[in-house]
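Below is one structure; the comments refer to it alone.
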Amino acid sequence: MNPEVDEGSLRDKIARLESDLSQARIRLEAFSGNGSETSPRNLESGQAHDYTEHEPLNAAAHALLLLSDSALPLGSFAFSSGLESYLAHNSSRHPSSIYSFLTLSLRSVAGTALPYLLTAYKNPSRLASLDDTLDACTLCHVARRASIAQGCALITLWDRAFKATVDPRIPAASALAQFSKGMKGKSGSEPHGEVLCGHFAPIWGVVTVAMGISIKDSAYTFLLNHAKAVLSAAVRASVIGPYQAQGVLAGEWLRHAIARSMGENWAVGVEDAGQMVPMMDIWIGRHEMLYSRIFNS
């Protein structure tokens with residue numbers, strides 16, 4: 001044998017063994033839980049990303065994940081937002097119809113509720129007056145009932161779970177405490193004469209600002225949760241399947257639809273808020289006239 005060839009082969013083998021040893025050490029650190037977090041990509045490249053156990057996720061990001069959870073106890077699963085009535089009044093139940101309805105539903109919610117959410121976010125002290133105004137401007141009694149049911153569930157969730165995680169001295173927390181106290185009172189009204197009903201959108205706005213969530217993320221998550229509820233209702237109504245529903249949620253179409261609805265109403269004040277899809281009030285309002293139904297709206 002050629003000694004030079006043997007020496008070169010040995011050096012290559014040593015280099016490979018050292019590389020394998022380095023990879024094994026990285027994997028061992030990842031599995032031993034001693035403070036080193038390694039992604040699959042870093043494992044393949046031999047690079048480990050240091051992670052400190054005492055660095056939790058940003059509080060606002062953590063709160064946003066909680067509020068975007070489909071298991072949030074707001075009772076959204078009980079409402080179809082007019083989808084059940086829409087299907088009953090249309091002969092076609094083709095899966096593509098969900099895109100048409102969801103587009104109209106997002107525009108409707110953004111036009112009627114988003115201005116109240118944004119104003120409440122910016123001015124938490126106006127929560128009671130915004131709630132009173134929204135109640136007066138919601139003409140469809142079925143939509144009004146659904147908004148109040150979810151709003152009351154959210155204020156209860158705040159009192160029983162989220163309130164303890166927030167500094168009570170911040171304006172938003174103070175506004176929620178006063179509003180909750182008024183809701184629990186026998187009169188159900190504020191000293192200034194506003195009748196407290198507990199509508200969903202303004203309460204959502206104040207809760208999110210209290211939890212440190214940005215105004216853009218607050219509005220986007222509000223509309224995304226609405227889309228989730230509509231698609232969940234579509235699955236239970238056998239219009240689409242669960243995988244197709246998840247495909248819509250993950251797709252680019254929904255992101256653009258939500259962004260478009262936000263853009264159309266971002267600068268709209270509560271005095272100009274209104275129903276952008278009149279047929280939506282008709283579909284929702286006629287829900288109680290259905291012969292049989294599985295949702296509350």
Side-chain angles (χ1 to χ4, degrees), residues 60 64 67 81-82 102-152 154-155 158 170-176 178-180 182-183 189-227 255-282 284-285:
L64 189 62
L67 290 175
S81 301
L102 188 53
T103 300
L104 296 176
S105 187
L106 284 172
R107 290 194 66 204
S108 172
V109 171
T112 56
L114 198 58
Y116 290 90
L117 185 157
L118 298 174
T119 304
Y121 186 101
K122 298 173 185 176
N123 303 281
S125 61
R126 293 183 56 190
L127 176 57
S129 63
L130 289 170
D131 178 75
D132 188 37
T133 303
L134 179 55
D135 187 70
C137 294
T138 304
L139 303 181
C140 178
H141 67 285
V142 179
R144 175 182 179 273
R145 187 173 62 231
S147 175
I148 291 175
Q150 293 177 85
C152 290
L154 181 56
I155 198 70
W158 165 263
I170 64 175
S174 300
L176 287 167
Q178 183 179 359
F179 189 86
S180 177
M183 288 285 292
S189 62
E190 286 283 284
H192 301 292
E194 298 96 350
V195 176
L196 301 183
C197 297
H199 281 278
F200 189 32
I203 295 176
W204 176 277
V206 181
V207 167
T208 51
V209 70
M211 300 182 76
I213 298 171
S214 71
I215 188 170
K216 183 178 179 180
D217 287 343
S218 173
Y220 188 93
T221 306
F222 181 81
L223 294 179
L224 177 62
N225 284 353
H226 176 76
R255 291 191 292 111
H256 284 289
I258 293 176
R260 186 165 52 251
S261 296
M262 288 173 59
E264 291 174 350
N265 297 277
W266 195 258
V268 176
V270 295
E271 63 277 0
D272 296 319
Q275 180 59 267
M276 301 178 67
V277 186
M279 277 301 298
M280 192 62 64
D281 274 348
I282 296 176
I284 296 175

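None of the values given here were measured: they were computed from a predicted structure.
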Atom pair [atom1]/[atom2] of [X] and [Y] - distance to nearest 0.5 Å:
| X | Y | atom1 | atom2 | answer |
| --- | --- | --- | --- | --- |
| C137 | L130 | SG | CG | 10.5 Å |
| H199 | L154 | NE2 | CG | 14.0 Å |
| N225 | Q150 | CG | CD | 9.5 Å |
| I213 | F222 | CD1 | CZ | 13.5 Å |
| L106 | E264 | CG | CD | 10.5 Å |
| R145 | C140 | CZ | SG | 8.5 Å |

If I compare all heavy atoms of [X] with all of [Y], which pair ends up nearest, and what's the gap?
| X | Y | value |
| --- | --- | --- |
| C197 | C152 | O-SG, 3.7 Å |
| P202 | L134 | CD-CD2, 3.7 Å |
| A172 | P124 | CA-CB, 3.8 Å |
| A273 | P115 | CB-CG, 3.7 Å |

*For D131 and F179, run side-chain contact (heavy atoms from CB on, under 4.5 Å): C-alpha distance rounded to whole Å, both residues' side-chain angles, the deciding distance at 0.1 Å, then the answer.*
CA-CA 10 Å; D131 178 75; F179 189 86; 3.9 Å; yes

Look only at the side chain of [X] and the backbone of [Y], and say whether a donor-acceptor pair between them is shorter than 3.5 Å.
| X | Y | answer |
| --- | --- | --- |
| Y116 | A201 | no |
| S108 | L104 | no |
| T112 | Q275 | no |
| S180 | L176 | no |
| S261 | A257 | yes |
| W266 | L118 | no |
| D135 | I148 | no |
| S218 | S214 | no |

*Quickly, which of V207, T208, V209 forms a side-chain contact (heavy atoms from CB on, under 4.5 Å) with M211? Name it, please.*
V207

*So which of D272, L114, L117, L223 actually passes side-chain contact (heavy atoms from CB on, under 4.5 Å) with N265?*
L114

*asked:* Do W158 and V206 make a side-chain contact, defined as non-hydrogen atoms from C-beta onward lying under 4.5 Å apart?
replied: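 In short, these two side chains do not touch, never coming nearer than 4.5 Å.
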
*List the steps, then state whether side-chain contact (heavy atoms from CB on, under 4.5 Å) holds for I258 with M262.*
CA-CA 6 Å; I258 293 176; M262 288 173 59; 3.9 Å; yes

